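Computed from a predicted structure; not experimentally measured. Lettering of chains follows the sequences in order, A, B, ..., and the numbering in each one begins at 1.
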Amino acid sequence: MPERVVMQVDLDYFYAQCEEVRNPSLRNKPVVVCIYSGRGGDSGAVSTSNYAARRYGVRSGMPIARAKQLLRNVEAVFLKADLDYYDEVSRRVMNILRKHADIFEEVSVDEAYLDVTEKTKGDYEAAKELALKIKTEIMEAENLTCSIGIGPNKVIAKMASDYQKPNGVTLIRPDEAVGFIAELSVDKLPGVGAKTKQILEEMGVKTIRDLAKQDPQKLISRFGLKLGNYLYNAANGRNDEPVKERLEPTQFSRIVTLKQDSQRIEEIEKYVDEICRDLYSRVSSQGYVFKSVGVITVSDSLSTCTRSATYEHPLDSYEALRSVSTALLSRLLEEEKIKIRRVGVRVSDLVKKRGQRTLYDFLTS
DNA sequence: GTATGCTTTCGGC
DNA sequence: TTACGGCCGAAAGCATAC
């Protein structure tokens with residue numbers, strides 16, 4: 001296969017940066033974007049924060065009360081996340097990115113891969129020019145900065161964009177890839193979290209250079225065929241995962257925090273009813289029915305439990321979703337003697353309703 | 001034993 | 001000192017069929 005040119009674009013501290021754009025007086029101050037649980041006070045978690053807040057140790061996922069503690073002596077701003085607004089900004093930015101790619105893959109609200117092999121004719125200098133042009137265009141249209149990584153595959157492009165942020169451009173040519181990642185810690189490799197890192201550490205593997213020298217059979221026996229092969233190849237700068245368009249969502253879910261912890265099914269069912277109503281209207285308005293339904297619970301000790309069911313024919317009404325969800329919930333509550341803090345419902349195995357144009361139809365028309 | 005498909009958990013943002 | 005969201009996609013885990 002001829003050498004590819006892959007670009008990864010990451011919008012910097014996205015939610016907090018959107019807030020700075022909407023209200024420029026926030027710049028220079030620590031900004032913490034929060035999702036409140038609805039239990040009152042500071043109950044909830046930090047979604048993201050700007051770099052001024054990060055300097056004080058604020059991190060995504062942290063309890064809001066802890067972030068307030070870290071920022072107690074500072075003039076900081078805490079905001080409730082406005083997800084609809086961020087989605088709208090994201091949609092406009094993705095439309096800019098899409099038109100510069102041969103193949104475009106939207107990974108999340110703030111991240112995308114672009115295969116630009118043909119657009120650049122395989123020339124890395126041209127790719128760097130294109131990255132600068134994209135950054136300028138996003139700045140002029142939305143006042144947003146982003147970080148861009150360019151490399152011969154998705155893994156190298158992602159690690160390149162992580163290398164210099166915020167507002168960076170990092171170019172790694174094919175012959176530089178192995179050297180660029182060699183001395184980084186293994187957990188810089190996408191897909192290596194705390195668990196894999198610890199196992200590797202026990203094998204005496206700390207850096208990606210160490211990982212690249214391992215016997216691939218040994219990695220496969222420890223991590224399985226798929227992850228073992230991935231680790232071995234990625235550590236050696238190789239990754240053949242294609243950039244591919246994601247035209248349709250694969251699941252929808254909605255989860256809420258109860259006003260207070262409960263183990264009473266009648267109480268929890270009230271929330272499930274409401275969630276099903278809301279979720280069904282969202283899924284239906286986007287033209288989908290679904291063959292799988294799952295309920296998710298989070299206990300008072302923050303452990304997660306789920307139950308799900310798959311049917312041969314798609315479910316296509318709120319009533320069906322509610323009745324399946326409550327049945328799954330009662331089964332879960334019988335089997336697990338836990339106090340529930342949060343409850344949610346998920347639908348997957350989506351099927352497009354008849355007569356609905358797919359996103360693919362729309363984009364290619 | 002292996003392939004397949006469904007359920008549950010994990011991890012990133 | 002503690003504190004704790006709402007999504008998503010994909011991997012891991014498990015059961016079943018052959």
Over how many whole Å does the gap from A/Phe290 atom CZ to C/dC8 atom P extend?
-> 13 Å
So with a 6.0 Å cut-off around OH of A/Tyr56, is the heavy-atom count from everything else above 12?
-> no
Whole Å only: how far is the CG atom of A/Leu302 from the P atom of B/dT9?
-> 15 Å
Of A/Ser253 and A/Arg342, whose closest DNA chain C nucleotide lies nearer the 5' terminus?
-> A/Arg342
So, is A/Ser348 near the phosphate of B/dT7, with a side-chain N or O under 4.0 Å from OP1 or OP2?
-> no
Please check the phosphate of B/dT9 (OP1 and OP2 only) for any side-chain N or O of A/Thr304 closer than 4.0 Å.
-> no
State whether A/Thr310 places a side-chain N or O below 4.0 Å from either non-bridging phosphate oxygen (OP1 or OP2) of B/dT7.
-> yes
Within 6.0 Å of OH in A/Tyr163, more than 12 heavy atoms from elsewhere | no
Phosphate OP1/OP2 of B/dT8: any A/Ser308 side-chain N/O under 4.0 Å | yes
Which letters describe nucleotides 9-14 of chain C, given B = protein heavy atom under 4.0 Å from base, S = only from sugar-phosphate, - = neither?
-> BBSS--
Nucleotide nearest A/Lys158 when distance is taken to its side chain, options C/dG6, B/dC13, B/dT9 = B/dC13
Do you know which of A/Val31, A/Val58, A/Asn28 makes side chain to side chain contact (heavy atoms under 4.5 Å, CB included) with A/Asn50?
-> A/Val31
Heavy atoms under 4.0 Å, any strand shown: does A/Ala81 hit a base, just sugar-phosphate, or nothing?
-> nothing
Whole-Å gap separating C1' (B/dC10) and CD1 (A/Ile199) = 13 Å
Interatomic distance where CZ belongs to A/Phe78 and P belongs to C/dA3 [whole Å] | 18 Å
Could you give the OH-to-P distance, from A/Tyr36 to C/dG5, as a whole number of Å?
-> 12 Å
Rounded to the nearest Å, what distance is computed from the OH atom of residue A/Tyr271 to the C1' atom of nucleotide C/dG5?
-> 15 Å
Examine C/dG5: is either OP1 or OP2 under 4.0 Å from a nitrogen or oxygen in the side chain of A/Ser37? Give yes or no.
-> yes
A/Lys80 NZ to C/dG6 P: how many Å, rounded?
-> 10 Å
A/Phe252 six-ring face occupied by A/Arg346 cation (under 6.0 Å, within 45°) = no
Respond yes when some side-chain nitrogen or oxygen of A/Arg254 is under 4.0 Å from OP1 or OP2 of C/dC7, and no when none is.
-> yes
Greater than 12 external heavy atoms within 6.0 Å of A/Glu266's CD = yes
For A/Gly61, which contact category applies under a 4.0 Å heavy-atom criterion: base, sugar-phosphate, or nothing?
-> base
Mark yes or no: A/Lys353 above the aromatic ring of A/Tyr288, with NZ or CZ under 6.0 Å from the six-membered ring centre and no more than 45 degrees from the axis.
-> no
Is A/Thr257 touching bases, backbone alone, or none of the nucleic acid, heavy atoms closer than 4.0 Å?
-> sugar-phosphate
Side-chain contact check for A/Arg282: nearest option of C/dC7, B/dT8, B/dC13 is C/dC7
Touch check for A/Cys34, heavy atoms < 4.0 angstrom, all strands: base, sugar-phosphate only, or nothing?
-> nothing
Using whole Å, report how far CD of A/Gln69 lies from C1' of C/dC4.
-> 15 Å
Any idea which of B/dT8, C/dG5, B/dC13 is nearest the A/Arg331 side chain?
-> B/dT8
Establish, yes or no, whether the cationic atom of A/Lys80 lies under 6.0 Å from the six-membered ring centre of A/Tyr36 and within 45° of the ring axis.
-> no
Pair A/Glu106, A/Tyr113: side-chain N/O donor-acceptor within cut-off below 3.5 Å | no
NA contact type, A/Ser292, heavy-atom cut-off 4.0 Å: base, sugar-phosphate, or nothing?
-> nothing
